[in-house]
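Structure record follows, encoded as structure tokens.
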Amino acid sequence: MARLKIATFNINGIRARQDALLEWLEREQPDIACLQELKAPDEAFPQAELERIGYGALWHGQKSWNGVAILARGSKPEEQRRGLPNDPDESQSRYLEADVQGLRVACLYLPNGNPWPGPKFDYKLAWFARLRTHASKLLKDDVPTILCGDFNVVPTDELDIYNPASWRKDALLQPESREAWFALLGQGWTDAIRAVHGDARIYTFWDYFRKHWDRDAGLRIDHLLLSPSLAPLLRDAGVDRWVRGQPGASDHAPTWVELDTTAKATRVGRARAESSARSATSIARASVAKGRGAGKTASAGAEGAATRKAGAASVTKTVARPAKTASARTRSATVAPAPTGANAPKGGTKLATKAVKVRKALKATKATKATKPTKGAKA
DNA sequence: ATGTCTGAAGTTTTCAGA
């Protein structure tokens, strides 16, 4: 069975973390790796060092900020495009697309959008809209595609962040950001981490402030989305948390999927994946829309419920292996020695038990919020 | 409100961006 491991990693400065990058590649051996936030001009990209350990590369840098790259073990990615169509501002290097081993790989670094509200947030939404337009064309053309990168969106309050309270005014949690995310999923893309892990809390980013890593106070903002033709090939997904625990680490950890490229994307499997993605997203979308009118608490609850359904549906329908097995195996294989703190994930916890816990926690949150209005930041 | 990190400008400190 041929397994293809595809990873995405916001490296936060490729020059500052070149050694960390090489160590991760040598240890985890991804077949394809998408990098974001190179923060380096094109001429400073460490092409020779990567080739020395067997990786061909394509990169799109800029001075100081942004910058994306696609690495391929044993080959050079064939460039298909750099930048999204109809981008009025070509100065920001945030998108690179290439063919590798018969797959179309899109590496993206979606604008952060802070401070919210403001022009940077508007730029984020406009960029997201251009991404959706282009993504729908990839689906229409039936290109087997994986979209990966730092989307700068926390999809739900319940499963994708340690505690949303202090992030309410952050661009990563705004309803408009989430609406854009679910609209993209609604085209037929499968959120691979959710499809494999169901209700489990998974984080990919821990900011440098307030000892967030030590407390496992993370966010899930790095995502890998599979086109309908690839979704039935999904076998596993995870986060290389050990990388975040290294001295001087990036604030993100590499996030990955494994596809079984020998599996036949049968018509049945494909139809299943498409319908599960569609129904999951229509529920999520409807609840996000409803939540906007009804207020944030309602939005958060409804959206969480929809996403739990989405995750569960995807697990049973698109992953050939039982989700429980895949999930437990992945956690034991990829979770670093537990950071101190109550939020540290527990390996081997049954998915069902977890789901109940999440629902209970959600109920408790709702009850609290009903009696106590959300505290805003002090003026 | 705060917190921490990178890269830059341009000199040992400050700033923006995240």
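Remember, it's a predicted structure, so these values are computed and weren't measured experimentally.
Distance OH (A:Tyr109) to P (B:dG17): 12 Å, rounded to an integer number of Å. When rounded to the nearest whole Å, the span between CZ of A:Arg168 and C1' of B:dA1 equals 19 Å. Here B:dG3 presents its C1' atom at 12 Å from CZ of A:Phe205, a figure rounded to the nearest Å. Remark: P of B:dA18 and CD1 of A:Ile221 are 12 Å apart, rounded to the nearest angstrom. The NE2 atom of A:His212 sits 13 Å away from the P atom of B:dG3 (whole-angstrom rounding). The distance between atom NZ of A:Lys211 and atom P of B:dT2, rounded to the nearest whole Å, is 18 Å. Atoms CZ (A:Phe121) and C1' (B:dG17) sit 17 Å apart, rounded to a whole Å. We find that CD of A:Gln62 is positioned 14 Å from C1' of B:dA16, with the value rounded to whole Å.
In this structure, a donor-acceptor pair under 3.5 Å is absent between the side chains of A:His252 and A:Gln36. In summary, the side chains of A:Asn112 and A:Lys124 do not present any donor paired with an acceptor at a separation below 3.5 Å, with no hydrogens or angles considered.
Separating the P atom of B:dC5 from that of B:dT11 is a span of 26 Å, rounded to the nearest Å. Taking atom P in both B:dA9 and B:dG3, the straight-line distance is 27 Å, to the nearest Å. Taking the C1' atoms as reference points, B:dT12 lies 15 Å from B:dA8, given to the whole Å. Between B:dC15 and B:dG10, the two C1' atoms lie 12 Å apart (nearest whole Å). Between B:dT13 and B:dT2, the two P atoms lie 22 Å apart (nearest whole Å).
Under a hydrophobic-cluster definition in which Ile, Leu, Val, Met, Phe, Trp and Tyr are linked whenever side-chain heavy atoms come within less than 4.5 Å, directly or via other members, A:Trp206 and A:Trp167 are assigned to the same cluster.
Taking 4.0 Å as the cut-off between side-chain N and carboxylate O, A:Arg94 and A:Asp89 do not count as a salt-bridged pair. Classification of A:Arg220 and A:Asp191 as a salt-bridged pair holds, one side-chain N sitting under 4.0 Å from a carboxylate O.
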| field | Letter per nucleotide, 5' to 3', of nucleotides 4-9 of chain B [B base touched, S only sugar-phosphate touched, - untouched; heavy atoms, 4.0 Å] | value | BSSSSS

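With sequence neighbours excluded, the residues satisfying salt bridge (charged side-chain N to carboxylate O under 4.0 Å, His left out) with A:Asp87 are A:Arg130.
Each of A:His223, A:Arg194, A:Arg201 was scored for a side chain to side chain donor-acceptor pair (under 3.5 Å) with A:Asp160, with one residue passing: A:Arg194.
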